[in-house]
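Below: the structure, in C-alpha cells.
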Amino acid sequence: MSKLSDEIQLAIEELNTKLAEGKELNDNDMGVLFLTSLLEDQTE
Amino acid sequence: MKKIAVVQLNRLGDIIQTLNSLQGIEEKHDVEVTLIGRKSFLAPLETIAKQFVSKVSFVDLENLAENDLGSMLSNVNDYIASLNEVKFDLVINLTFDKTSSYLTKLINAPHKVGITRNTQNQVVVNGQWSQYVYSNIMGSDYSCFNLVDIFKNIIGMEGDPPTADFNRESNKIFIHPFASDEKKQWQTSKWVEVIYSLKKKHKDAIIYIVGSKQDTPKVELILSSPILSAYKDDIQVWVGNKSIVELNTEIQDAKLFIGNDSMVSHLAALYRVPTLVVSLGPVRPFETTPYLEGALSVAANIDCFPCAIDKKCDLLPCHNKISHEAVSHLASSIYENNTIDANSLESKLPQTLLNTVTINRLNNTNDGLLPEDLLASATNFDDTIRRIYRIVWSFYLQGKEPKLQTPYINANLAQSFANTLSGLNHLYELYNFAIKFANRIVEEEGSTNIDVKSIQESVHKLNEIDQLLMKTKNTFAEVSPIVDYFHVAKSNIDGNNIFEISRNTLVLFYEAANITAAMFDLCSKIISPYTQETEVKGTAHDI
C-alpha cells in the first residue's frame, strides 16, 4: 500500500507541476484524480 | 432515443430520493437513463432501481484495486471507456462531491449538469439549481427545498408530488427505530412505548420492526421490554434477516411507516405509504422529510435543532422534548385515518406535550413540497426565514409563486428581523455599487479609445465589493444564501473576454439586487405589525 501511496503522491505532484506550468489536464490526468478521490473516500 | 447518465454516488437514502425524482422520466421524455452509483450502495437497490431506470452502473473500487497505480489506472480507464460506449447525450451529477466531479468530467457528453471539472482542475457548477445546491445546501442553514424537489428541478422533471394513500386497507405498520448516527436515533425506551401504545389500541395491527444486522442488540432490547410480552406474536422482526428487495416488496401495501430519518422512510414514501418520521439531531425536515404530500415529521421545538452533523451533544435535548405520547397519537390517527390538525391535536394531547414539539406536514405549495407547521409553533428565526427564502428562490429559480402564507412572528422575532433588514440593506447597497462598476467596464466596450486604467480600477473595486460581501455575510449569517448563490453563479459565468464576462456579471448583480430587495420587502412586511406599535431598532431606510 505504501508503494501505491508513493506512486499516487508522485502522480499528484506531477499534475500540480503541470497546472503550475499553465498546461491543461487530459483524461488520463482526470483518471488519476478520480481514482485518488475514490481511495480517499474509502479511507474516510 | 436520448441517453442520460445520472451520477449518484451517495448512500442508500440519497439513491432512493434520486429514484423518486426520476419517476416516469423514461416514458415521459422517451429517454434511456443509466444510474451510476457506488457498488456498495447501489447494488443492494439494483432491483428497485430498475423499476425506475433502464440501466445501472456500479463504481466498484474493489474491481479497480490492483497493487500498482498503472494497473489501477488501466482499470479506471476501462470502466470509463465502457461508460462512454453508451454515447450519453447528457450527464446529470446529483452528488456534489469531489469524486463525482471527476467522474462527470470523464464521461463524454455534449451537455453536463451539476458539478464537474475544467481542464485546469477547477470546479465547474453547471445549471442554476446545481449552483443553488452547491451554495445553499452544502454548509448553509437556510435550505428551504425538499431534496427530491431539488433533484427534480436539476433534472427538469415536472409534475405534482405524490400524495400519501391514507385510505388503503392494511394492518401492517412498519417501524424503523434505528439510525446510523446516534444523534438521529430516538431512545429505545420511547419506541417501546410507541409500539405498546399502538398494539394496545389497534389489536389487529401487525408491527414490522426493520433494521440491519448491527441493529440486533437494539431490537433485542426493545423486545425484552415486559410491556411488549403480550404482543410478541404480532411483532415481526426484520432485523438483519431480510434483504432490501424483500423489504421493498412487503412495505408497498403498508398502512403506516414510522421511524427515524432513514433510507426506509424514503422507500415507504416511494409507495405512498403514510409516513411519520421523528426528526432528530442534524436532520433537516425542510430537506429530507420523505417526499410525500401528507408525510408528517415530529421535531423538538428548540433553538439548537437541527444541529450541525459534527456537533457533539451528550444531553440530546431534541430527543427528550419529543414525547412518546405525541408520536403514538399521530401514528394512531394515521392508522385510523383521522384528521390531524391543530384542533384535533390540542383536544387529544396536553398542551405541555405540544409546547415542546413542532409537527410538520408536507404540503404541496405549487412549487413542490414544504413543511406546514400544524401547531404554528415554530416561532424560531431560522424556520421563519427559510419560508421567506422559499418564496424568493421559487420565484427566481422556477418562476413560480408558492402557495404559502407570509409567516406570522412574535415581538421577539421582530427584533431579530429588524437586524436582518440592516444586513439586507448593506447587501443591496453593495450589489448596486457592483452594478455601477460592472457597468463602467461594459460601457468601455463601446468607446473608441478603451480606457484600460478605468477598467482596472473597476475590476479592483469589484474585488473590494466581493470582500465586503463576505464580511456582510459573516456579520449577518441569514443573508449568506444570497451572497453564496451569486458568488457561485459569478464564478461559473460564461464569457470569452472581459466585456462578455462583465455583461453577464452585470445581469447577475441586477438579479442579486432584486432578490435582496424582495427579501427586504418580505421581511419588512412580517415585522410591520410591530413597527407600527413600537420602534424596531435597526430598520434600514426603504430600498
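Note on naming: letters A, B, ... go to the chains in the order of the sequence lines (proteins, then strands), and numbering restarts at 1 for each one. The structure displayed is predicted, hence computed values, not measured ones.
For Leu61(B), the part lying under 4.5 angstrom from a heavy atom of chain A is the side chain only. Using a 4.5 Å cut-off between heavy atoms, Leu38(A) contacts chain B through both its backbone and its side chain.
Looking at Asp41(A) and Arg38(B), a side-chain N of the basic residue comes within less than 4.0 Å of a carboxylate O on the acidic one, giving a salt bridge.
Within 6.0 Å of CD in Gln9(A) there are 12 or fewer heavy atoms belonging to other residues, nucleotides or ligands. Counting non-hydrogen atoms of neighbouring residues, nucleotides and ligands closer than 6.0 angstrom, the CD1 atom of Ile309(B) reaches no more than 12 such neighbours. Remark: Asn26(A) CG is packed, more than 12 non-hydrogen atoms of other residues, nucleotides or ligands lying under 6.0 Å away. Counting non-hydrogen atoms of neighbouring residues, nucleotides and ligands closer than 6.0 angstrom, the CZ atom of Phe41(B) exceeds 12 such neighbours. Around NZ of Lys39(B), the count of heavy atoms belonging to other residues, nucleotides or ligands within 6.0 Å does not exceed 12.
Contact of the Lys3(A) side chain with the Asp68(B) side chain is registered, since non-hydrogen atoms from C-beta on lie closer than 4.5 Å. Between Leu19(A) and Asn121(B), the closest side-chain pair of non-hydrogen atoms falls below 4.5 Å.
For the atom pair OG1 of Thr119(B) and CE of Met30(A), the computed distance is 7.0 Å after rounding to the nearest 0.5 Å.
For the side-chain contact (heavy atoms from CB on, under 4.5 Å) with Tyr102(B), the lone residue among Val32(A), Thr36(A), Asp29(A), Leu33(A) that qualifies is Leu33(A).
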Problem set entry | Steps toward side-chain contact (heavy atoms from CB on, under 4.5 Å) verdict (Phe34(A), Val59(B)) | CA-CA 11 Å; Phe34(A) 172 55; Val59(B) 177; 4.1 Å; yes
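Across Thr99(B) and Ser37(A), no two heavy atoms sit closer than the pair OG1-OG, 2.6 Å. Pairing each heavy atom of Leu69(B) with each of Glu7(A), the nearest pair is N-OE1, 2.7 Å.
Counting heavy-atom pairs under 4.5 Å between each of Asn77(B), Asn118(B), Leu106(B), Val76(B) and chain A puts Leu106(B) at the top.
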